[in-house]
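Here is the structure we will look at.
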Amino acid sequence: MAGHEEFLREAVRIAEANVAEGGSPYGAVITRDGAVVARAANTVHRTEDPSDHAEMVALRAASRTLGRDLSGCVMYASGRPCPMCHAAMRLAGFREGYFAYSAEEAEAHGAGSAGIYAELCRPLDDQPMRLVHLRPEGSSPYPAWEARRAS
C-alpha cells in the first residue's frame with residue numbers, strides 16, 4: 001500500500017505534466033483505504049470553467065464512482081487547496097488531506113489564492129467582491145427541505 005508521500009508525489013507529477021501541456025501547476029489524487037479513487041489536473045485552461053481546479057475535478061470523478069459521501073477519502077494536492085476546494089472537500093465529508101506546496105509559495109510565482117483566505121475572514125463590507133444579504137418576501141425553502149429530509 002502506498003503512503004502519503006507517494007500519493008503527494010503523484011499529485012505533483014500530475015501538476016508538472018499539466019504545466020507541460022499549458023495548464024497551471026495543480027494536480028490531485030483522492031484515495032480511500034489506500035487505493036486511488038480519482039486523479040486529476042486543473043483543467044481551467046481547457047474548459048474555461050474557473051471551478052475546474054484539480055481538487056474539484058477529482059472530487060467530481062470520485063463522486064461519480066462513490067456517490068456524494070466521500071468520508072473516508074483522503075485528498076492529496078500538489079498545492080494548498082483554495083477556499084472553494086477546501087469547502088467542497090468538507091462538504092463531501094473529507095476529514096484528511098495533504099498538500100505539497102503552500103499557497104504563499106504559489107503566490108510568489110503568480111499562482112495560488114493565498115490572499116483570498118484573508119479576504120474571506122473580513123466582514124462582507126470589507127471584502128473586494130460585493131456580497132449583500134437581501135432577503136426577499138415570502139418563506140425560505142429551508143423548512144420544506146428539513147421536513148423532506150425528516151420523512
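Computed from a predicted structure; not experimentally measured.
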Output the distance between atom [atom1] ([X]) and atom [atom2] ([Y]), rounded to the nearest 0.5 Å.
X: Thr31; Y: Glu96; atom1: OG1; atom2: CD; result: 8.0 Å
X: Asp52; Y: Ser24; atom1: CG; atom2: OG; result: 10.5 Å
X: Arg9; Y: His4; atom1: CZ; atom2: NE2; result: 12.5 Å
X: Leu120; Y: Leu131; atom1: CG; atom2: CG; result: 10.0 Å
X: Thr43; Y: Asp49; atom1: OG1; atom2: CG; result: 7.0 Å
X: Glu55; Y: Met75; atom1: CD; atom2: CE; result: 5.5 Å

With a 4.5 Å cut-off on side-chain heavy-atom distances among I, L, V, M, F, W and Y, is there a chain of contacts connecting [X] to [Y]?
X: Met84; Y: Leu59; answer: yes
X: Met56; Y: Leu66; answer: yes
X: Tyr26; Y: Val37; answer: no
X: Ile116; Y: Leu124; answer: no

Would you find more than 12 non-hydrogen atoms of other residues, nucleotides or ligands less than 6.0 Å from [X] atom [atom1]?
X: Phe94; atom1: CZ; value: yes
X: Arg122; atom1: CZ; value: yes
X: Glu5; atom1: CD; value: no
X: Arg95; atom1: CZ; value: no

Quiz item: Are His53 and Cys82 close enough, and set up right, to give a side-chain contact (heavy atoms from CB on, under 4.5 Å), and what steps lead you there?
Solution: CA-CA 9 Å; His53 293 195; Cys82 74; 3.4 Å; yes

Practice problem: Taking Ser78 for its side chain and Gly27 for its backbone only, find out whether a donor-acceptor pair lies under 3.5 Å. | Solution: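 Such a contact is found between Ser78 side chain and Gly27 backbone.
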
Practice problem: Start with the C-alpha distance between Val57 and Asn42, add both sets of side-chain angles, then the distance that settles side-chain contact (heavy atoms from CB on, under 4.5 Å), and finish with yes or no. | Solution: CA-CA 7 Å; Val57 176; Asn42 179 302; over 6 Å; no

Quiz item: Which word best sums up how the rings of Phe7 and Tyr76 line up, parallel for under 30°, tilted for 30 to 60°, or perpendicular for over 60°?
Solution: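 It falls in the tilted class, 30° to 60°.
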
Quiz item: Going through the distances and angles, do Arg46 and Glu21 end up as a side-chain contact (heavy atoms from CB on, under 4.5 Å)?
Solution: CA-CA 10 Å; Arg46 278 191 248 140; Glu21 74 166 44; 2.9 Å; yes

Quiz item: Regarding Thr65 and Arg32, is there a side-chain donor-to-acceptor distance under 3.5 Å anywhere?
Solution: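 There is no such pair between these side chains.
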
Self-check item: Working for salt bridge (Lys or Arg N to Asp or Glu O under 4.0 Å), residues Arg80 and Glu105
Solution: CA-CA 10 Å; Arg80 180 177 175 180; Glu105 183 174 359; over 6 Å; no

